[in-house]
Participant: 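I am attaching a structure below and will ask some questions about it afterwards.
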Amino acid sequence: MSFIVAIDGPAGTGKGTVTKILAKKFKLINIDTGAMYRCVTLDMIRKGVKLDETDKIIDILENIKIEFKKENDKDLVFLNGENVTEKLRSKEVTNLVSQVSGVKEVRLSMAGLQRKMAEGKEVIMEGRDIGTYVFPGADVKIYLDADLDERAKRRFKQNREQGINIPYVEVLENIKMRDENDKSKEIGALKLARDAEVVDSTSMSISQVVREISAIIDKKKKEIKLQAKIYKPRKDNAWKRFVRCIVRAVLVTAYRIAYHVKITGNVPREGAYILCCNHINYLDAAAIVLFNKRKVNFVAKEDLFTHDILMWLGHLFDAIPIKRDMQDIEAMKRCLKVLKNGGLLGIFPEGTRKGMEKNMKAKNGAAYMAIKSGVKVIPIGIHGTFKPFSKVYLNYGEPIDLSDYKNQKDKLDEATELVMNQIKELMEKESTN
Ligand code: DC
């Protein structure tokens, strides 16, 4: 399974150090993309290739071999088979790399290589454009930042520890120049991704930064695990049908004890239909599912599945989880499959409880699917206070044919309104009962 952590940010923010620790902690493959640009730069310097010699740069890119290896717990970089880890940090490479990384051909080639290196793997990648350009869909996006002075101080200290003697002013100027270059690149410029978490390390220790990012990664891993649990397809086998039968009997009894359920109309014994109901309480979907002789696959918001018992019930009754804040194509496909197989699909067009009362516009999903699949909509009006022992009215209407709206995408609102008007009439029907 692929899992990508993108750590972007300007030079000197501690990306390298933090990434190494996180890679070890979460067992992620560490890909230092800056080192890849440094490899290209070193190769160009050695071969005497200038920035405007595009053909020669392309030749280098076509033949370059960059490898990351771990030896005695040390991260090493190999360029065409040679260990160049130390050489990549030399003054010559550092002064030129920012410009090299701005060459279009270099960027396209390195981004392609980075994507290939990460394919199907669990990786942590540090760089400038990982969360914005290389992997815009990365699972975790961190933008690590720090004040310019602080970054220059860190880089100066790091150089000294490595025996590289570059005066502080020069380090500062170099970082400034790189910031400018990094931010003004034609492709893959350094910028904050919309969905990235910003971590400002100016007054933080390494361990504080690691702790903060670890919490973000942990949270994402939990979310992914939960999503897998929610969306894992479950077969409707004999055992499941048996359990559903027992659970249904128990819940129907409980429902009948708690409420006086009055039902008018019903659903044809066979054939695909979309059941559209108003939504006043969490228990109204249960009423439709439980008091129906046929199985109803209800569309339910994803959040409901985060509760263990509701998730179990949801899967038992084959409810379809849906992400409400986006166009959920997967959920739509599952709904259409139910209809194609001649089943009943339950939807609240209001999208949320008491949407009509709040004057919210009904969603077009039900009308869209009805028109797309040629299936009729059965409107249902539900009415009740859901106070213990009160009456709950469930009024089924006649199937509505929306086939006249086929090929009229601009009239979806009208089709939805037609359904909603029928639902409103059926809601009011209880007062005459
Ligand atoms: O992180 P570093 O200092 O090793 O990066 C070296 C250079 O490469 C730096 O000037 C910015 C550039 N770079 C880039 O443009 N895109 C990346 N994803 C990583 C680094």
Side-chain angles (χ1 to χ4, degrees), residues 4-20 22-23 30-45 51 57 61 64 66 68 75-77 79 84-118 123-136 138 141-146 148 151-159 162 164 166 170-193 196 201:
I4 292 166
V5 179
I7 312 269
D8 288 311
T13 46
K15 291 192 305 291
T17 315
V18 167
T19 301
K20 270 185 204 135
L22 289 169
N30 180 4
I31 301 175
D32 174 358
T33 60
M36 295 170 76
Y37 290 102
R38 285 175 184 268
C39 279
V40 178
T41 309
L42 180 62
D43 216 10
M44 280 171 66
I45 293 173
L51 284 163
I57 294 178
L61 295 169
I64 203 161
I66 302 170
F68 292 98
D75 288 306
L76 304 178
V77 189
L79 166 63
V84 290
T85 316
E86 301 290 324
K87 295 185 183 87
L88 294 184
R89 300 284 147 191
S90 70
K91 196 170 157 181
E92 294 72 32
V93 172
T94 300
N95 284 344
L96 192 66
V97 62
S98 187
Q99 291 170 66
V100 171
S101 67
V103 175
K104 196 171 142 197
E105 288 73 15
V106 175
R107 281 227 85 78
L108 292 174
S109 165
M110 287 302 112
L113 197 56
Q114 286 152 18
R115 291 188 191 113
K116 216 164 142 194
M117 279 174 155
V123 303
I124 184 162
M125 260 195 194
E126 58 141 319
R128 306 292 190 279
D129 59 344
I130 310 305
T132 51
Y133 177 65
V134 183
F135 287 109
K141 292 184 189 178
I142 306 291
Y143 188 91
L144 195 54
D145 209 352
L148 178 66
R151 291 191 279 131
K153 270 187 221 154
R154 287 180 193 168
R155 195 40 63 91
F156 176 71
K157 196 168 154 237
Q158 187 187 34
N159 283 346
Q162 291 171 355
I164 305 167
I166 306 174
E170 210 178 303
V171 173
L172 182 72
E173 280 314 307
N174 180 273
I175 288 196
K176 251 195 223 169
M177 185 263 295
R178 280 169 61 189
D179 277 2
E180 264 170 43
N181 272 345
D182 290 347
K183 287 178 182 168
S184 58
K185 283 188 180 108
E186 189 190 336
I187 303 170
L190 170 67
K191 59 181 176 220
L192 177 65
S201 73

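In this chain, residues are counted from 1 in sequence order. Bear in mind that the values here come from a model prediction, so they are computed numbers and not experimental data. Whatever order the structure lists ligands and atoms in, that order sets their numbers, starting from 1. Worth knowing before you read on, the calculation uses all heavy atoms, side chains too, and leaves out hydrogens, waters and symmetry mates.
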Participant: Of the protein's non-hydrogen atoms, which lies at the shortest distance from atom 19 (C) of ligand 1, and what is that distance?
Facilitator: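 Closest protein heavy atom to atom 19 (C) of ligand 1: Thr33 OG1, 3.3 Å.
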
Participant: Answer yes or no for Lys185: is there a heavy-atom contact with ligand 1 below 4.0 Å?
Facilitator: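 Under 4.0 Å: yes for Lys185.
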
Participant: So which heavy atom in the protein is nearest atom 20 (C) of ligand 1, and how far is it from that ligand atom?
Facilitator: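 Result for atom 20 (C) of ligand 1: Gly34 CA, 3.5 Å.
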
Participant: For ligand 1, which is the ligand I care about here, please tell me if Arg38 has any N or O atom under 3.5 Å from one of the ligand's N or O atoms.
Facilitator: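 By distance alone, the answer is yes.
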
Participant: What residue and heavy atom of the protein are closest to atom 16 (N) of ligand 1, and at what distance?
Facilitator: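 Answer, as residue, atom name and distance: Arg107 NH2, 2.9 Å.
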
Participant: Starting from atom 12 (C) of ligand 1, find the nearest protein heavy-atom neighbour and note its residue, name and distance.
Facilitator: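 In this structure, atom 12 (C) of ligand 1 has Ser101 OG, 3.5 Å as its nearest protein heavy atom.
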
Participant: Hey, does Lys15 come in under 3.5 Å of ligand 1, counting only N/O atoms on both sides?
Facilitator: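 No - when backbone and side-chain N and O of Lys15 are compared with those of ligand 1, no distance drops under 3.5 Å.
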
Participant: What protein heavy atom sits nearest atom 7 (C) of ligand 1, and how far away is it?
Facilitator: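 Atom 7 (C) of ligand 1 sits closest to the protein heavy atom Val97 CG2, 3.6 Å.
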
Participant: If you measure from each heavy atom of Met125 to ligand 1, is any distance below 4.0 Å?
Facilitator: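 No heavy atom of Met125 comes that close to ligand 1.
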
Participant: What's the verdict on side-chain hydrogen bond (donor to acceptor under 3.5 Å, both in side chains) for Arg154 and Ser201, showing C-alpha distance, side-chain angles and the deciding distance?
Facilitator: CA-CA 11 Å; Arg154 287 180 193 168; Ser201 73; 3.1 Å; yes

Participant: If you look only at pairs with a residue in residues 84-102, which of them pass as a salt bridge (charged side-chain N to carboxylate O under 4.0 Å, His left out), with sequence neighbours excluded?
Facilitator: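 Qualifying pairs, neighbours excluded: Asp32-Arg89, Glu82-Lys87, Lys91-Glu170.
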
Participant: Quick one: side chain to side chain contact (heavy atoms under 4.5 Å, CB included) partners of Arg107, sequence neighbours excluded?
Facilitator: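 In terms of side chain to side chain contact (heavy atoms under 4.5 Å, CB included), with neighbours along the sequence ignored, Arg107 is linked to Tyr37, Ser101, Asp129, Lys185, Ile187.
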
Participant: Which residue owns the protein heavy atom closest to atom 3 (O) of ligand 1, what's the atom, and how far is it?
Facilitator: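 Result for atom 3 (O) of ligand 1: Arg178 NH2, 2.4 Å.
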
Participant: Which residue and atom name correspond to the protein heavy atom nearest atom 1 (O) of ligand 1, and how close is it?
Facilitator: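 Nearest protein contact, heavy atoms only, for atom 1 (O) of ligand 1 is Arg128 NH1, 3.1 Å.
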
Participant: Heavy-atom contact under 4.0 Å between Met177 and ligand 1?
Facilitator: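 Outside the 4.0 Å threshold, so no.
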
Participant: Looking only at protein heavy atoms, which one is nearest to atom 11 (C) of ligand 1, and how far off is it?
Facilitator: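 Of the protein heavy atoms, Asp182 OD1, 3.3 Å lies nearest.
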
